[in-house]
Amino acid sequence: MKILIAGGSGFIGSHLSERLLNEGHEVDVIDNLVSGREANISHLMNHENFNFIKEDIVKNVPDNDYDRIYNMASPASPVDFKKIPLEILMTGSIGHKNLLDQAAKCGARILFASTSEVYGDPLVNPQPETYFGNVNCRGERACYDEAKRFGEALTVNYQNHKGVETRTVRIFNTYGPHMAPNDGRVTPNFFIQSLKGEPLTIYGDGKQTRSLCYVSDMVEGLIRLMESDITDPVNIGNQREMTILEIGDAINAMTGNKSKHTFFELPENDPKLRQPDTTRAKELLNWEAKVSLEEGLKKSLEYFKQFV
């Protein structure tokens, strides 16, 4: 197939690009490199079926006959929420609309990468796809949360009123190689600090939870959803829930870091609970996370060593 991946030089997008190339597809990647990195796809540049387009989907998308479009485009780091909130909002709204218009024009099936952040700071745990969420539409995180919520609304309405074939994935905390070392999310932060022998930065009391999914498991889920007939949103993530302190302890144990943690105030609306209900993924896609936390962290450690 001929496939377009928006945000294909980003963390998850670059792994998806490589997987689809290895399966024999033609892959176009469009990315403005605001948060994506050419280093993530440098090994793909000379592949005969790979084409990189440095462009912003808010301004322009390729007018080609694609079979599949994956919209993985959007900065997803809390660091970016402070620096480029308007760009994030435009990417999730105008940028996604441009991709939907192209899908309508060429008859492509399109997958929208939504997020567990549509559930906000949840009052339900684990979070099923039927949960409407607890989101502050005026908070610092709103640029990302609401862009994704709007993107989902746009997706389902293009499906219902324009006949576009759509798929929607709600991605939970994902980690692994190709993450930026200054990403700002928990795993890159902890790996870099731990490798340097520094105290880990803990926001709040560290008892808030995350469920970490290794990137290869995430990519498998994305492809299974794209090639399914499921049009409702599907959570993809690891069901193993851990506290921030437990994640930090696991990483420190790997590096031998003995420094004590430093604690700071929990940022506004930072989720205190994050665990996917993956019943729908298991029943409809026959998907579940396979890579153990220990194996995933070991692979990630080798990657992050280059930045220290």
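Ser211 and Asn238 form no side-chain donor-acceptor contact under 3.5 Å, judged by distance and modelled atom types alone.
Between Asp65 and Lys105 no salt bridge is recorded (no basic side-chain N to carboxylate O distance below 4.0 Å).
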Name each donor-acceptor pair under 3.5 Å that joins a side chain in residues 288-297 to protein atoms two or more places apart or in another chain, with its distance.
| residue | atom | partner | partner atom | Å |
| --- | --- | --- | --- | --- |
| Ser292 | OG | Glu295 | N | 3.1 |
| Glu294 | OE2 | Arg240 | NH1 | 3.4 |
| Glu295 | OE2 | Lys299 | NZ | 3.4 |

Show the atom names and distances, to 0.1 Å, of all donor-acceptor pairs under 3.5 Å that link a side chain in residues 77-89 to residues at least two apart or in another chain.
| residue | atom | partner | partner atom | Å |
| --- | --- | --- | --- | --- |
| Ser77 | OG | Val79 | N | 3.1 |
| Ser77 | OG | Asp183 | O | 2.0 |

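Of all heavy-atom pairs between Phe50 and Ile41, the closest is CZ-CD1, 4.0 Å. Here the closest heavy-atom approach between residue Ile30 and residue Pro62 is recorded as CD1-CD, 3.8 Å. Here the shortest heavy-atom pairing between Ala153 and Val156 reads O-CG1, 3.3 Å. Thr187 and Leu212 get closest at one heavy-atom pair: CG2-CD1, 3.9 Å.
The CG atom of Asp217 sits 9.5 Å away from the CD1 atom of Ile236 when rounded to the nearest 0.5 Å. The distance from atom CD1 of Ile3 to atom CZ of Arg68, rounded to the nearest 0.5 Å, is 7.5 Å. For the atom pair OG1 (Thr166) and CG (Asn160), the distance works out to 8.0 Å, reported to the nearest 0.5 Å.
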Exercise for the section: Check the pair Asn40, Ser9 against side chain to side chain donor-acceptor pair (under 3.5 Å), reporting the backbone distance first and the verdict last. Expected result: CA-CA 6 Å; Asn40 289 343; Ser9 70; over 6 Å; no
Handout entry: Check against side chain to side chain donor-acceptor pair (under 3.5 Å), Thr91 and His96
Key = CA-CA 6 Å; Thr91 299; His96 186 46; over 6 Å; no
Exercise for the section: Test side chain to side chain donor-acceptor pair (under 3.5 Å) on Thr255 and Asn257 and set out the steps. Expected result: CA-CA 5 Å; Thr255 65; Asn257 182 25; 5.1 Å; no
Practice task
May I have the step-by-step check of side-chain contact (heavy atoms from CB on, under 4.5 Å) for His178 and His15, ending in yes or no?
Solution key: CA-CA 8 Å; His178 296 187; His15 286 275; 3.5 Å; yes
Practice task
Check the pair Asp145, Arg138 against salt bridge (charged side-chain N to carboxylate O under 4.0 Å, His left out), reporting the backbone distance first and the verdict last.
Solution key: CA-CA 10 Å; Asp145 300 356; Arg138 298 178 68 87; over 6 Å; no
Practice task
I would like to know whether Glu152 and Thr168 meet side chain to side chain donor-acceptor pair (under 3.5 Å); could you show each step before the answer?
Solution key: CA-CA 7 Å; Glu152 285 205 29; Thr168 299; 5.3 Å; no
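Among pairs with a residue in residues 117-131, those fulfilling side-chain hydrogen bond (donor to acceptor under 3.5 Å, both in side chains) read Glu117-Arg141, Glu117-Arg274, Tyr119-Arg170, Tyr119-Asn235, Asp121-Lys272, Asn125-Gln127, Asn125-Glu241, at least two apart in sequence or across chains. Screening residues 37-57 for salt bridge (charged side-chain N to carboxylate O under 4.0 Å, His left out) gives no qualifying pairs among residues at least two apart or on separate chains. Sorted by first then second residue, the salt bridge (charged side-chain N to carboxylate O under 4.0 Å, His left out) pairs that include residues 1-13, not counting sequence neighbours, are Lys2-Glu26, Lys2-Asp28.
Hydrophobic clustering places Met1 together with Val27 (ILVMFWY residues linked when any side-chain heavy atoms are closer than 4.5 Å, directly or through intermediates). Criterion: ILVMFWY side-chain heavy atoms under 4.5 Å apart, direct or through other members. Under it, Tyr158 and Met226 are not part of a common hydrophobic cluster. Phe172 and Phe11 fall into different hydrophobic clusters, where Ile, Leu, Val, Met, Phe, Trp and Tyr residues are linked whenever their side-chain heavy atoms come under 4.5 Å apart, directly or through other members. Both Ile12 and Val186 are assigned to one and the same hydrophobic cluster, defined by single-linkage of ILVMFWY side chains at heavy-atom distances under 4.5 Å. If you chain together hydrophobic residues whose side chains sit under 4.5 Å apart, Leu16 and Leu33 fall into the same group.
For Thr278, the side-chain hydrogen bond (donor to acceptor under 3.5 Å, both in side chains) partners two or more places apart in sequence, or in a different chain, are Gln239.
With respect to Phe191, the ring pair (Phe, Tyr, Trp, His ring centres under 6.0 Å) criterion is satisfied by exactly one of Tyr175, Phe304, Tyr303: Phe304.
A 6.0 Å sphere centred on CG of Asn22 holds more than 12 heavy atoms belonging to other residues, nucleotides or ligands.
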